[in-house]
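Read the structure below first, then the notes.
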Amino acid sequence: MPRSLDLVVTSVATQLMEATAATATQVSEKVLAELVEQFDVDASFLRHHDHDIGAWVLVAEWPLSQADAGDSDSTAGVHFTSTDTLLAQCEDGRQPVVVGPGRPKRSWWRRPGSAEGGDAPSVAAAPLVSGEVTTGVLGFVKFGARRWRQVEINTLEAVAALFAQLQARLAAEEKLRYLAEHDDLTGLFNRRALIAHLSERLAAASPGPVAVLYLDLDRLKPINDYLGHTAGDWFIRVFAQRLRVCAGQSMIARLGGDEFVVVPDEPMSTATAEAFARRVGAMLRERLAIGGHMITRTVSIGLATGTPGRDNSTDLLRRADEAVLTAKRGGGNQIAVSTDDMSLKNAFRNDIELHLQGDIDSEALLLHYLPEVDLWTGAIVAAEALVRWRHPIWGLLLPDSFIGIAESTNLAGELGQWVMRSACAEFSRWRANGVGLNAVLRINVSPVQLITRGFVRSVADTIAEFGIDGSSVCLEITERAVVHDIETTRKTLAELKEVGVQIAIDDFGTGYAVLSHLKSLPVDMLKIDAGFVRDLGTNAGDLAIVRAIIGLAEAFGLQLVAEGVETPAAALTLMQHGCHRAQGFLLSRPIPGNAMEALLAARWMPMPFLADRAALSLGAM
């Protein structure tokens, strides 16, 4: 016995509320079957607008079309250009439509299996309306005449509204799913979708190896700075389109900014993936026009491969990221393949970066000192302060292990200030004990410190706090620091000279980039880079460079110190050509503060390699 129409609407609402994207068709078919019985009709259909193809697309029907019927009733799509009167009225309409049996028959309304001349149908249909837009149609078919009561039409309209709500809800959920898995600028997949895809590809028993290409655009910032961020975004979108063409069916994701990941859809060995990466990189370098400018940008690519069942998505992506960082540090526009050594270095770097800040101003840092010696007399003339780090895992670390990381993480200033205060405090104690009164304390200064606001005031306050005469402190800066910002550097060095400290250019000769500025910089000393000193006595090329630096220092009236003296031949060669002050393992390795104090107290060290001074006679030269 038919239920009341109110109960019908309630039942439909309950069922549709529980429907999901996966079950919507099945639930809709069940609802249509119940409504066919309730309204005592022969068939029902639910169609949605698809404006992309310009058609009404069948979503659900009852009874279901027979696969072997060969009947046109099962047609999935009816184009908007169809002459069907009912669908034409429902395309943009908002009110129910009833078509009697006298209207032209449409083939997709015929009873399944009936001949062309079968019973003419009576059809009632209600548009699905969402907001101000008609999004579909719900219809019921009775073969032969049927009178549709107003209360039935009202019920049909209410049920159509419920189907419209389901359609809108599923569309909104689909949009949310899309946004949750896609980048809004390019439409590519995002990190979340990438991780899910990699996890599936790396599942045990899946085909492998699985290759990951991590792409990082080189020098995108000039586009943003010169042409604006709108142009930069346009470039990113075009790059993404090119990447789709280059990578074919591969999974492509944008991780933000100018970073992309490509996961080839087929298993690839490292060699095959590297060849694939070269092809992609070459295609992406093609020029394109932005605002009247022809722009070319290269790309750095990091490559890693993983084995299903052994590797996981996070580690594989991390290794590819490590590889692209290696490619970027190498100058960009190249491909770097992940290796175990690379992973170990990055793990070390990450550990240093994580713990360094917490260990500044703690007992984990300490100073060693490298003595500077007059080669003729053995007198100790200076001590260079060198920071060390007692790391709980890696042991005693030398500056080369963490200074670069400190600079890249904006800790160079804080670390440099600790070194300056600690060195000045210790030097002050030595002098209070009557030790090192004629010696100079040398302190290295990073490029970041040199251009930091307040640096000169910090230096002045520190030497004043510990009662040290400025002339007994020498700040050492590299050529890189000098040319990093020459105008700021020139101003800073002039202010430091007013404080009274000495200035030395460290590692001199590595680039000669400072030569054009040397005459205008208030510098007191040049320190010859160890790379030119180590093989003196056996390398004619190094000797030529060292002689040129010695001549340059004499011309400008600068003091001169040689670094990296490790052999008697190097020491004797330096002395023969007029460089008498040196540092290096031949003389002493870096030593703790108490040992340096003892050395300064002794005032000189033995020079056994000078036992045969006849070698330095004019005749020997």
Seminar exercise, completed: The reported gap from CG in Asp507 to CG in Leu526 (rounded to nearest 0.5 angstrom) is 12.0 Å
For this session: Return yes when atom CD of Glu465 has more than 12 non-hydrogen atoms of other residues, nucleotides or ligands closer than 6.0 Å, and no otherwise.
Result: yes
Exercise. Do the side chains of Leu398 and Arg388 get nearer than 4.5 Å, heavy atoms only?
Worked result: yes
Exercise. Tell me, which pairs form a salt bridge (Lys or Arg N to Asp or Glu O under 4.0 Å) where one or both residues lie in residues 445-458, sequence neighbours left out?
Worked result: Arg457-Asp461
Exercise. Between Ser269 and Thr272, is there a donor-acceptor pair closer than 3.5 Å when you use the side chain of the first and the backbone of the second?
Worked result: yes
For this session: Report yes if the side chains of Leu194 and Met251 come closer than 4.5 Å at any heavy-atom pair, otherwise no.
Result: yes
For this session: Check Met268 against Ala273 and note the closest heavy-atom contact, atom names and distance.
Result: SD-CA, 3.8 Å
Problem set entry | Pair Thr135-Ser130, side-chain donor/acceptor within less than 3.5 Å | no
Exercise. Should Lys527 and Glu476 count as an ion pair when the cut-off is N to O under 4.0 Å?
Worked result: yes
For this session: Please say which of Leu370, Val533, Val565 ends up in a side chain to side chain contact (heavy atoms under 4.5 Å, CB included) with Gln583.
Result: Leu370
Problem set entry | Sidechain N-carboxylate O distance under 4.0 Å for Glu487, Lys491 | no
Exercise. Is Arg192 reaching over with its side chain to a backbone N or O of Ile195, donor-acceptor style, under 3.5 angstrom?
Worked result: no
Exercise. Given the rule in the side-chain contact (heavy atoms from CB on, under 4.5 Å) test, do Leu213 and Val263 qualify, once you have shown the distances and angles that lead to the verdict?
Worked result: CA-CA 6 Å; Leu213 280 64; Val263 182; over 6 Å; no
Exercise. Does any non-hydrogen side-chain atom of Leu493 lie less than 4.5 Å from one of Leu450?
Worked result: yes
Problem set entry | Trace of the side-chain contact (heavy atoms from CB on, under 4.5 Å) decision for Val561 with Ile528 | CA-CA 6 Å; Val561 178; Ile528 307 174; over 6 Å; no
Exercise. Would a distance-only check, ignoring hydrogens and angles, find a side-chain to backbone donor-acceptor pair under 3.5 Å from Ser588 to Gly584?
Worked result: no
For this session: With side-chain contact (heavy atoms from CB on, under 4.5 Å) as the test, would you mind laying out the steps for Ile503 and Val501 before giving the verdict?
Result: CA-CA 7 Å; Ile503 304 294; Val501 298; 4.3 Å; yes
For this session: Check whether any side-chain N or O of Asp311 sits under 3.5 Å from a backbone N or O of Thr307 as a donor-acceptor pair, and report yes or no.
Result: yes
Exercise. Side chains of His182 and Asn190: does their closest heavy-atom pair fall under 4.5 Å?
Worked result: no
Exercise. About how many Å separate CG of Leu255 and CZ of Phe189, when rounded to the nearest 0.5 Å?
Worked result: 13.0 Å
Problem set entry | Arg319 side chain to Thr305 backbone, donor-acceptor under 3.5 Å | yes
Atom pairs and distances, donor-acceptor, side-chain atoms in residues 170-177, under 3.5 Å, two or more places apart:
unit_1	atom_1	unit_2	atom_2	d
Glu173	OE2	Arg169	NH1	3.2
Glu174	OE1	Arg177	NE	3.3
Glu174	OE1	Arg177	NH2	3.0

For this session: Could you pull out the closest heavy-atom pair between Gln167 and His48, with the gap in Å?
Result: NE2-CG, 3.4 Å
For this session: Would you mind reporting whether Leu415 and Leu365 have side-chain heavy atoms less than 4.5 Å apart?
Result: yes
Exercise. Which word best sums up how the rings of His391 and Trp389 line up, parallel for under 30°, tilted for 30 to 60°, or perpendicular for over 60°?
Worked result: perpendicular
Exercise. So do Val324 and Leu215 actually touch side chain to side chain, heavy atoms under 4.5 Å?
Worked result: no
Exercise. Would Tyr214 and Glu259 count as having a side-chain donor-acceptor pair, cut-off 3.5 Å?
Worked result: yes
Exercise. Has the side chain of Ser458 got a donor or acceptor atom that lies under 3.5 Å from a matching backbone atom of Gly454?
Worked result: no
Problem set entry | Value rounded to 0.5 Å, distance of CG in Leu303 from OG in Ser338 | 8.0 Å
Exercise. Roughly how far apart are Ile477 CD1 and Ile443 CD1, rounded to 0.5 Å?
Worked result: 14.0 Å
Exercise. Which atom names give the shortest non-hydrogen contact between Arg244 and Gly187, and what distance separates them?
Worked result: NH2-C, 3.6 Å
Problem set entry | Whether Asn333 side chain and Asp218 backbone form a donor-acceptor pair below 3.5 Å | no
Problem set entry | Whether over 12 other heavy atoms sit under 6.0 Å from Gln417 CD | no
For this session: Would you give the length of the straight line joining atom CZ of Arg490 to atom OG1 of Thr488, rounded to the nearest 0.5 angstrom?
Result: 10.0 Å
For this session: Answer yes or no: is there an ion pair linking Lys328 with Asp216, defined by an N-O contact shorter than 4.0 Å?
Result: yes
For this session: Return yes if some donor-acceptor pair links the side-chain N/O of Asp183 with the main-chain N/O of Thr186 below 3.5 Å, else return no.
Result: yes
Problem set entry | Check against side-chain contact (heavy atoms from CB on, under 4.5 Å), Ile301 and Val262 | CA-CA 10 Å; Ile301 302 178; Val262 175; over 6 Å; no
For this session: Would you tell me whether Asp506 and Thr478 have side-chain atoms, one donor and one acceptor, within less than 3.5 Å of each other?
Result: no
For this session: Establish, from distance only, whether the side-chain atoms of Thr20 and Thr23 form a donor-acceptor pair under 3.5 Å.
Result: yes
Exercise. Hey, what do you get for CG (Asp258) to CZ (Phe235), rounding to the nearest 0.5 Å?
Worked result: 9.5 Å
Exercise. If every non-hydrogen atom of Arg201 is compared with every non-hydrogen atom of Pro267, which pair is closest and at what distance?
Worked result: NH2-N, 4.2 Å
Exercise. Heavy-atom distance under 4.5 Å between the side chains of Phe239 and Leu217, does that happen here?
Worked result: yes
Exercise. Between Ser250 and Phe276, which heavy-atom pair has the shortest distance, and what is it?
Worked result: OG-CZ, 4.0 Å
Exercise. Is Glu200 reaching over with its side chain to a backbone N or O of Ala196, donor-acceptor style, under 3.5 angstrom?
Worked result: no
Exercise. For Cys424 and Phe466, which heavy atoms make the closest approach, and how far apart are they?
Worked result: CB-CD1, 3.8 Å
For this session: Verify, without hydrogens or angle tests, whether Ser199 (side chain) and Ser313 (backbone) share a donor-acceptor contact under 3.5 angstrom.
Result: no
Exercise. Got Met525 and Arg442 here, is their nearest side-chain heavy-atom distance under 4.5 Å?
Worked result: yes
